[in-house]
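Note that the structure is predicted; figures quoted are calculated from it, not measured.
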Amino acid sequence: MRAEKILFVAQEITPYVPESEVTWLGYDIPNVAIEEGRETRIFMPKWGNINERRHQLHPVQRISGMNLIVDDTDYQLIIKVASIMGTRMQVYFIDDDDFFGKHLAGFDREGREYEDNYARSVFYARSVLETVKKLRWTPDVVHCQGWVSALVPLYLKTAYAEEPCFRDCRVVYTVCPSQLTKPTGEGAGRMLEYRNANSSCIEEFGDNLSTNDLLKVAVKFSDAVSFATPNEEVLAYAQQIGKLIMPDGGRENEFLQLYDSVWSKDKPIIKED
C-alpha cells in the first residue's frame, strides 16, 4: 500500500533561509514526493530572516487569526503561503510576531540562544495541526524534521489522536543537527498541556528537558526515525524502545519507501481478483 498524502513539518527549507544540511532536507524530500505524484502539504516557521517580498509570501486570511494559548498567554496564529520557483512545491508558513516574525531559528544575530525556544516548539506543533484541520485534509504520513517540530509526534499520538484527519496517520521523525544547549526550564509538562497531552507524556525525562530529551520525546511518539546527523544518545534511546530506524540518514527515494512501509503496517492488504 502506498502512502499517497504526505505532511511535511519542517524546521527550515531552502531557498527561504541560508542553505544548510537541514534546509536541503526540507526541500529535497517533499520535492521528490511531489514528483512521484504524492499529494503533499509543507509547513515551516516564518523565521525573521525570511524576505517576504523577495519570496512572495502572502497571508491566507481564511485559515489565519486563530488564537492559541501557550503557558497561559494568547498568541495569534497567522498563516502565509508561497511557492518555490521552478517546482510544484507550495509552503505554508506559521507566523506570530512574538515567536517567529522577529526571531531567527534557535539563536539571535549575536549568537544568543532564545529563552523561549521550547514555547515556540509548542506553538508551532499545535499551529500546524490546527491548520491542517482547517484545511480539512487527511495525511497518511506526517514527516517532522528538526527540534522545532519535536512535539508534533506527541500531539498526534495524544491530543489529536481521535481527530478524523489524523486518526490513521503514521509519523516519521528526522533528527537534525542542533546546537541548542539550554534546557526547557521548569514547567515543560505544564506548557504543552492540551486535551490529554500533559506532563505524564514526558515524565520519564523530567520537567526540565535537555535538547536531547526533547528529541527523545519526538522519537518516543513516532513510528519511524531517521538521523540527518549522528546523535549517539538519541540513537541508543530509539534502539532501546524498538523504533524502526532508517540507517545512514536515507536518500529521498528511500524515504518514500519508508512512508509506504509505516503506512502499510498493521493495515489489510487488498488484493485484486
Side-chain angles (χ1 to χ4, degrees), residues 9-13 16-18 20 22-23 26 43-50 52 57 64-80 92-131 144-156 158-160 173 175-195 197-199 201-203 205-219 221 234:
V9 189
Q11 179 168 298
E12 301 168 76
I13 300 173
Y16 298 114
V17 295
S20 68
V22 177
T23 65
F43 284 80
M44 72 171 285
K46 211 294 291 180
W47 303 115
N49 57 341
I50 295 174
E52 296 193 37
L57 274 66
S64 292
M66 178 189 305
N67 280 5
L68 297 179
I69 298 175
V70 177
D71 204 19
D72 297 325
T73 301
D74 273 344
Y75 297 93
Q76 187 176 50
L77 169 58
I78 303 299
I79 309 295
K80 298 175 181 177
Y92 291 92
F93 294 85
I94 298 296
D95 198 6
D96 172 82
D97 283 343
D98 293 294
F99 283 140
F100 300 118
K102 301 174 184 176
H103 291 62
L104 306 182
F107 299 84
D108 66 18
R109 288 178 171 82
E110 282 71 47
R112 294 170 300 202
E113 191 170 336
Y114 293 115
E115 299 288 344
D116 63 350
N117 280 332
Y118 178 72
R120 295 201 289 166
S121 69
V122 172
F123 180 81
Y124 182 56
R126 288 194 51 206
S127 295
V128 170
L129 300 180
E130 291 294 339
T131 302
C144 308
Q145 303 158 332
W147 66 265
V148 78
S149 70
L151 293 174
V152 173
L154 183 155
Y155 280 119
L156 281 170
T158 57
Y160 292 82
Y173 183 74
V175 177
C176 293
S178 174
Q179 296 178 324
L180 300 182
T181 59
K182 289 186 177 181
T184 58
E186 297 297 332
R190 184 196 70 250
M191 196 179 297
L192 66 78
E193 287 182 357
Y194 179 63
R195 296 178 177 170
N198 53 50
S199 58
C201 299
I202 61 171
E203 62 184 356
F205 309 107
D207 199 37
N208 192 5
L209 306 178
S210 68
T211 299
N212 274 350
D213 288 336
L214 183 60
L215 302 181
K216 290 176 189 176
V217 170
V219 168
F221 289 94
V234 179

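- In this structure, a donor-acceptor pair under 3.5 Å is present between the side chains of Glu130 and Tyr160.
- Side chains of Val148 and Trp47 form a contact here, defined as non-hydrogen atoms less than 4.5 Å apart.
- Nearest heavy-atom pair across Ala188 and Asp207 is N-OD1, 3.2 Å.
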Item to complete: Quick one: do Tyr16 and Phe93 satisfy side-chain contact (heavy atoms from CB on, under 4.5 Å)? Show the steps, please.
Response: CA-CA 11 Å; Tyr16 298 114; Phe93 294 85; 3.7 Å; yes
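- For the pair Met66/Gln76, no side-chain contact is recorded, criterion being any heavy-atom separation below 4.5 Å from C-beta on.
- Asp116 places no side-chain N or O within 3.5 Å of a backbone atom of Ala119 that could act as its donor or acceptor partner.
- Looking only at side-chain heavy atoms (C-beta outward), Tyr155 and Val122 come within less than 4.5 Å of each other.
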Item to complete: Give the C-alpha distance, both sets of side-chain angles, the deciding distance and a yes or no for side-chain contact (heavy atoms from CB on, under 4.5 Å) between Ile202 and Asp213.
Response: CA-CA 9 Å; Ile202 61 171; Asp213 288 336; over 6 Å; no
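- Side-chain contact between Cys144 and Pro153 is present, with heavy atoms from C-beta onward closer than 4.5 Å.
- To the nearest 0.5 angstrom, Asn208 atom CG is 12.5 Å from Lys182 atom NZ.
- For the pair Leu180 and Phe107, the minimum side-chain heavy-atom distance is below 4.5 Å.
- Using bins of under 30°, 30° to 60° and over 60° for the plane-to-plane angle, the ring pair Tyr124/Phe100 lands in the perpendicular bin.
- Side chains of Thr181 and Glu113: a donor on one and an acceptor on the other come within 3.5 Å.
- Interatomic distance, CG of Leu214 versus CG of Asn117, reported as 10.0 Å (0.5 Å rounding).
- For the pair Leu57/Ile50, a side-chain contact is recorded, criterion being any heavy-atom separation below 4.5 Å from C-beta on.
- For the atom pair Leu209 CG and Leu215 CG, the distance stands at 10.0 Å (nearest 0.5 Å).
- Taken to the nearest 0.5 Å, the CG atom of Leu104 stands 11.5 Å off from the CZ atom of Arg112.
- For Phe99 and Tyr75, the ring centers sit closer than 6.0 Å to each other.
- Ring centroid separation for the pair Phe221 and Tyr173 does not come in under the 6.0 Å cut-off.
- Rounded to the nearest 0.5 angstrom, Asp97 CG and Asp95 CG are separated by 6.5 Å.
- Taken from OG in Ser199 to CZ in Arg190, the straight-line distance is 10.0 Å, to the nearest 0.5 Å.
- Between Arg120 and Trp147 the shortest side-chain heavy-atom distance falls below 4.5 Å.
- Looking only at distances, no side-chain donor or acceptor of Ser149 sits under 3.5 Å from a matching main-chain atom of Val152.
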Practice prompt. Quick one: do Asp74 and Ile69 satisfy side-chain contact (heavy atoms from CB on, under 4.5 Å)? Show the steps, please.
Written response: CA-CA 5 Å; Asp74 273 344; Ile69 298 175; 2.8 Å; yes
Practice prompt. May I have the step-by-step check of side-chain contact (heavy atoms from CB on, under 4.5 Å) for Val128 and Tyr92, ending in yes or no?
Written response: CA-CA 9 Å; Val128 170; Tyr92 291 92; over 6 Å; no
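- Smallest separation of non-hydrogen atoms from Ala197 and Leu192: C-CD1, 3.8 Å.
- Classified by interplanar angle (parallel below 30°, tilted 30° to 60°, perpendicular above 60°), the ring pair Tyr114/His103 is tilted.
- Counting all heavy atoms, side chain and backbone alike, Gln145 lies closest to Ala10 at OE1-CB, 3.3 Å.
- In this structure, Leu77 and Asp96 have side chains that are not in contact, with every pair of non-hydrogen atoms separated by 4.5 Å or more.
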